[in-house]
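Everything below concerns the one structure shown next.
Labels below follow one simple rule: chain letters A, B, ... track the order of the sequence lines, proteins then strands, and each chain is numbered from 1.
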Amino acid sequence: MKAIFQILLLFFLTTVPALALDMQQLVREVEQQYWGVSSRARVTMEVRTANWQRSLEMESWSLGRERFITRILKPAKEKGVATLKVDNEVWNYLPKVDRTMKIPPSMMGGAWMGSHITNDDLVKGNKIDEEYSFTLLEETEEYWRVEGIPKPDAAVVWGKIIYQIHKATRTPQVVEYFDEEGIRVRRTLFDQLTPIGDRILPMRMEVIPDDTPEEKTVMLYRQIQFDVDVDESFFSLRRLKVRR
Amino acid sequence: MILWKLAFRNLRRNRRRTLLTLAAMVASSSLLILSLGVFSGMFVDMLASVTEQYSGHMVVAGKGYLDRREMHATMDQAQAVTEQASRLETFRGASPRLRSFGLLSLGDRTQPAEVLGIDPTREIQVTQLHRKLVDGRYLDPDEDHGIVLGVGLARKLRAEIGSELVFVTQAADGSIGNDLMTVRGLFDTGSVANDNGLALVPLHWLQETIALPDQLHEVAITLKDPLQAKPTAAVLAGRLDDRLEVRDWGQMLPEMAEVIASYGASTLILSMILYAAAGLGIVNTLYMSVMERTQEFGVLLAMGLHPAQVRRLVLLESTVLGVLAMVLGATLGFFLTLWMKTVGIDLSGSISSITYAGGTILPRLHAEFEFRNFWLPSLLLLVTAVLAGWLPARRAARLQPVEALRED
């Protein structure tokens, strides 16, 4: 009897956390696909709203999860506008006035470069696997649906996140974001799976807000290279101003 | 006629008593007039803090803008609106404006701010911010990169006159609108919202920076009589095209409108409380004087004066007292109010300004004249005097001549 109990106990102690960790690991893996150790990319961002639409061509670099720099190449009017992210802070460089501006905490929820991506997404997006606990919702031949609920003490933006992850490539297909009331706020769709080096990544990302479904932001990776030669000093305010 | 004579003689006979009663009545009515004047002053301050420091008495905007302040809900009928507005009877001024919410930064300090694009020559007809400057100067009409901001905002940015601020916001075409601005002046209005978050910039500069050439968000209008804003707004709305809407300050600030509406009721209640006390004093004095004159009334009644005439006599006394107190009280109240209006009492040493119902109460006691503040207390004083005379009058009329004569 006692032996059975011990076995049962052992079973609970080992398997339950192991399962949860699995989901955590899965989401981390999915998120990291994009970040790698370091990367350099050329991205086209198209933003469509009820009142305007525009297309930006940008160049960006990243190092680990904490450092990220991006600079607008086109259109000419906005050429040189750049964003630097280091840890939890975001700066914008504005060539017209030759100033860098740190985004204050109150504006972190604001749009980044006029898109449907917020400054918070840049800062917190890469920490999702640390700040949420994930459970499996659904599993099919093709994908897993994984639900992320914020950990008790985590300072997060979303009340719930649901990932739909493609099994074969371990890439996201759809990510849905919910507020505290459980109402979906926006979703991100991924497609155009393309092999890059030893991984397969979706090259197209579409962010669709739910309150204005006619609006969207499309990010299209034109080129992406991983493990490029950049170090921490590259991601500095001084560097932000350099025009290339 | 004989009754009048008797009434005046009776009042004169015991001067000290008459003067004391009169003094109590004059004091209560003049002080009430003064306090109502101070109330009016407070409301005028509050209303002015909102309308003359920011919104104007009426605002014309494209339909939908006023509810959501959505950047793209612009209008371009400045000319037509100004023209129609200037034909209004109580029109004082109209100012076309464009508004942007963005970030102002200096060095590594950044603050969110509401940036209001204005035409300085027109804006001074609507708001009084140019009179609230504590440093520097107002915007020049032909200025390009000048900015005038609230002291609180300047303090947070550590900006001073001549500082170069960066303004960044999302422009109407989705790009990042940004430019450098030189601080020209700082205003201190006492309103936390304005002082900590408002900045004035040239209209044409803002139109260009946020990519909304020739567009406006609103035309703010001031009237000579702010209390006429509601009917005037309706008149103006009828004359403008239906893509525009007009709102008066009462609609923009419902709490403030309620406070002012409830003011009428509070005035009445306050008067009644004050006069209930004064009325008891008058009853007391008149009662005493009737008691003292019991024998006298006995004589009058014995001589054939009708009880109704005796009653009238006492009532006449209190009425004469009432009228006298009314005139003197109103006169004294007028001068007290005048003094409070021109000199006032500065309380800024002990309290700071209070924001209430969207308006700001300045740390000062200061009065404003309003006709109602005079006629209401005066009329109520008279009514109180007559009512207070009623009880002693009834007693005097009910006296039995024989018993009254015997009393000593």
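Remark: B/Gln77 CD is packed, more than 12 non-hydrogen atoms of other residues, nucleotides or ligands lying under 6.0 Å away. Residue A/Lys74 places its NZ atom among 12 or fewer non-hydrogen atoms of other residues, nucleotides or ligands, all under 6.0 Å distant. Summarising the local packing, CZ of A/Arg48 is surrounded by 12 or fewer heavy atoms from other residues, nucleotides or ligands at distances under 6.0 Å. Surrounding CD of B/Glu70 are more than 12 heavy atoms belonging to other residues, nucleotides or ligands, all under 6.0 Å away. Heavy-atom neighbours of A/Glu214 CD from other residues, nucleotides or ligands within 6.0 Å: above the threshold of 12. Annotation for B/Glu160: atom CD does not count as buried by contact number, only 12 or fewer foreign heavy atoms lying within 6.0 Å. Heavy-atom neighbours of A/Asp87 CG from other residues, nucleotides or ligands within 6.0 Å: above the threshold of 12.
In this structure, the portion of A/Val81 lying under 4.5 Å from any heavy atom of chain B is its side chain and not its backbone. Residue A/Ala50: no heavy atom, backbone or side chain, is found under 4.5 Å from chain B.
Across every non-hydrogen atom of B/Ser175 and A/Lys77, the tightest pair is OG-NZ, 3.3 Å.
In this structure, B/Ser105 OG and A/Arg99 CZ are separated by 8.0 Å, a value rounded to the nearest 0.5 Å. Residue A/Glu78 holds its CD atom at 7.0 Å from CG of B/Asp173, rounded to the nearest 0.5 Å.
Among B/Leu165, B/Asp179, B/Val168, the one residue that satisfies the side chain to side chain contact (heavy atoms under 4.5 Å, CB included) test with A/Val97 is B/Asp179.
Contact of the B/Asp108 side chain with the A/Lys102 side chain is not registered, since no non-hydrogen atoms from C-beta on lie closer than 4.5 Å. A 4.5 Å side-chain heavy-atom check between A/Ile103 and B/Thr110 finds every atom pair outside the cut-off.
The greatest number of non-hydrogen atom pairs below 4.5 Å with chain A, out of B/His72, B/Gln170, B/Glu164, is found for B/His72.
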Problem set entry | Test side-chain contact (heavy atoms from CB on, under 4.5 Å) applied to A/Met113 and B/Ile176, step by step | CA-CA 7 Å; A/Met113 301 263 184; B/Ile176 298 179; 4.2 Å; yes

